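This one's a predicted model, so the numbers in the text were calculated from it and none came from an experiment. The sequence lines fix the lettering, A, B, ..., with proteins before strands; numbering per chain opens at 1.
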Number of protein chains: 2
Amino acid sequence: MALDKQILEQELRTRGYKLTRPRQAVLAVLALGEEHMNPAEIYERARAIYPKLGLVTVYRTLEVLVEIGLIQRVHLDEGCHSYVRSRQGHSHQLVCKECGRVEEFSDCELEEVFKQLTKKTGYAIESHWLELLGRCPTCR
Amino acid sequence: MALDKQILEQELRTRGYKLTRPRQAVLAVLALGEEHMNPAEIYERARAIYPKLGLVTVYRTLEVLVEIGLIQRVHLDEGCHSYVRSRQGHSHQLVCKECGRVEEFSDCELEEVFKQLTKKTGYAIESHWLELLGRCPTCR
DNA sequence: CTCTAATTGAAAATTATCTTCAATACAGTC
DNA sequence: GACTGTATTGAAGATAATTTTCAATTAGAG
């Protein structure tokens, strides 16, 4: 995953953002994680790397990364707003209830379902959000 | 939809909850709405019916209703945590970005997708959440 | 009608997130 | 390697959302 951190860094730089130490710390944490983490968790872990880091910077960095599409928000019932590294362009998440591990997948066959719905309801479907909760192989 | 309100009330009573005036006001608002509403919006509308209502009670009532399964949470990127009346047992939502109208549907063909994923990832899928965003016929 | 436990609302507490602003550090230029 | 303009940072305070506490009220069983 060290590799992944470099990809994230490169992507940031390419877009004209400066690669600062605080950002590097946040990226390092995100690149590691299979799990979804909320801002506070990310903050805590990233401070192990760069202790002067401020929570505000975590929020700001996450905002940038979501906008660029490098990470994705995960919505959970309790304590909304966690984040995970998004691997493929558009993908969905399989979250383990037990350990929080996140598996991503993208090859879904939802398109057909959407077409039918468009016909039936008259809605123009513009985006979708699918999230699955379960238990990962290890936790079963 | 007045009918629906009575269904909600009946369900609450059956479960041993008292049918108070504040709760009735909240139920009335929820029974009406095609739209998803956040606690503050529900509060405001319900106060037209029962002015003494407190916001806290709205939160508490929503909590009970979600637990019973009479309403569902809708997750949106900005301002998480809206609620809609849930019609069928398990269903999904088609939310209009423009006017907030919510269309529910339940006959989805996701089961097949899930089976494949279980096989591929080893996860035991226990629950899922699907949300579609788009534009309703009127707003198009 | 009475009584008790559930429920309520006001206020205060907590938590999450955002804004402001002076100080700092990156990255390109010399 | 030092210089410089601009983006970025962190602390502190502001705002917003949600929860807790607690004394007063009320639904509904008897």
Side-chain angles (χ1 to χ4, degrees), chain A residues 5-6 8-29 36-68 70-71 73-83, chain B residues 5-6 8-29 36-68 70-71 73-83:
Chain A
K5 184 182 169 230
Q6 286 175 19
L8 286 167
E9 293 185 352
Q10 184 52 47
E11 193 66 27
L12 259 196
R13 260 219 225 79
T14 306
R15 308 253 181 176
Y17 292 97
K18 289 185 179 172
L19 192 59
T20 63
R21 304 246 275 120
R23 277 177 185 161
Q24 286 183 55
V26 172
L27 292 180
V29 171
H36 56 90
M37 290 171 281
N38 61 36
E41 287 164 349
I42 294 168
Y43 173 57
E44 192 156 330
R45 298 194 198 186
R47 279 217 298 181
I49 301 169
Y50 182 69
K52 276 195 285 176
L53 180 68
L55 179 55
V56 209
T57 299
V58 174
Y59 275 99
R60 287 190 278 227
T61 303
L62 291 173
E63 196 183 327
V64 169
L65 293 174
V66 167
E67 197 174 302
I68 294 181
L70 294 175
I71 60 173
R73 254 185 175 164
V74 181
H75 296 274
L76 298 173
D77 264 346
E78 14 58 65
C80 243
H81 293 180
S82 288
Y83 297 83
Chain B
K5 186 184 168 230
Q6 288 175 18
L8 287 168
E9 293 184 351
Q10 184 53 47
E11 193 65 28
L12 259 197
R13 259 218 225 81
T14 305
R15 307 256 180 174
Y17 292 97
K18 288 185 181 174
L19 191 59
T20 62
R21 305 246 274 120
R23 277 178 184 161
Q24 285 184 54
V26 172
L27 292 180
V29 170
H36 57 91
M37 291 171 280
N38 61 37
E41 288 163 349
I42 294 168
Y43 173 57
E44 193 156 328
R45 297 193 199 185
R47 278 218 299 180
I49 301 170
Y50 181 70
K52 277 196 284 175
L53 181 67
L55 179 54
V56 209
T57 299
V58 173
Y59 275 99
R60 286 191 279 227
T61 303
L62 291 174
E63 196 183 328
V64 169
L65 292 174
V66 167
E67 198 174 303
I68 294 182
L70 294 175
I71 61 172
R73 255 186 172 162
V74 181
H75 296 275
L76 299 171
D77 262 346
E78 15 58 64
C80 243
H81 294 180
S82 288
Y83 298 83

Begin from the C-alpha positions of B:T20 and B:T57 and carry the test side chain to side chain contact (heavy atoms under 4.5 Å, CB included) through to its verdict. CA-CA 11 Å; B:T20 62; B:T57 299; over 6 Å; no
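Mapped onto DNA chain C by nearest heavy atom, B:G16 and B:Y43 fall at different nucleotides, with B:G16 at the one closer to the 5' end.
C:dT15 atom P lies 13 Å from atom OH of A:Y59, rounded to whole Å. Across the protein-nucleic acid pair, A:L55 atom CG and D:dA12 atom P stand 14 Å apart, rounded to whole Å. Atom C1' of nucleotide D:dT8 and atom CG of A:L62 are separated by 15 Å, given to the nearest angstrom. Protein atom CD of B:E44 is 13 Å distant from nucleotide atom P of D:dA17, rounded to whole Å. When rounded to the nearest whole Å, the span between CD of A:E9 and C1' of C:dA27 equals 15 Å. Between the CZ atom of B:R15 and the C1' atom of C:dA6 there is a distance of 18 Å, rounded to whole Å. Across the protein-nucleic acid pair, A:L12 atom CG and D:dA7 atom P stand 16 Å apart, rounded to whole Å. We find that CG of B:L27 is positioned 14 Å from C1' of C:dT7, with the value rounded to whole Å.
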Sub-3.5 Å pairs of nitrogen or oxygen atoms, protein against nucleotides 26-30 of chain D:
residue	atom	partner	partner atom	Å
D:dA27	N3	B:K18	NZ	3.1
D:dG28	OP1	B:L19	N	3.0

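Judged as a side-chain hydrogen bond (donor to acceptor under 3.5 Å, both in side chains), and not counting sequence neighbours, the contacts of A:Y43 are A:R47. Qualifying side-chain hydrogen bond (donor to acceptor under 3.5 Å, both in side chains) partners for B:E44, counting only residues two or more places apart in sequence or in other chains: none. Residues passing the side-chain hydrogen bond (donor to acceptor under 3.5 Å, both in side chains) test with B:R15 are B:E11, sequence neighbours excluded. Applying the side-chain hydrogen bond (donor to acceptor under 3.5 Å, both in side chains) test to A:E9 and every residue at least two apart in sequence or in another chain returns A:K5.
Between atom CG of residue B:L19 and atom CG of residue B:L12 there is a gap of 6.5 Å, rounded to the nearest 0.5 Å.
OP1 or OP2 of D:dT8 has at least one side-chain nitrogen or oxygen of A:R23 nearer than 4.0 Å.
In this structure, the nucleotide among C:dA11, D:dG10, D:dT18 sitting nearest to the side chain of B:V56 is C:dA11.
Between A:I49 and A:A25 the shortest heavy-atom distance is CD1-O, 3.9 Å.
Without hydrogens or angle criteria, A:R23 side chain to A:K18 main chain gives a donor-acceptor distance under 3.5 Å.
Tested against A:Y83 for a side-chain contact (heavy atoms from CB on, under 4.5 Å), the candidates A:L70, A:V74, A:L65, A:V66 yield a single pass: A:V66.
Across the helix from C:dC1-D:dG30 to C:dC30-D:dG1, the helix axis at one end is tilted relative to the axis at the other end by 40° (nearest 10 degrees, each axis from five pairs).
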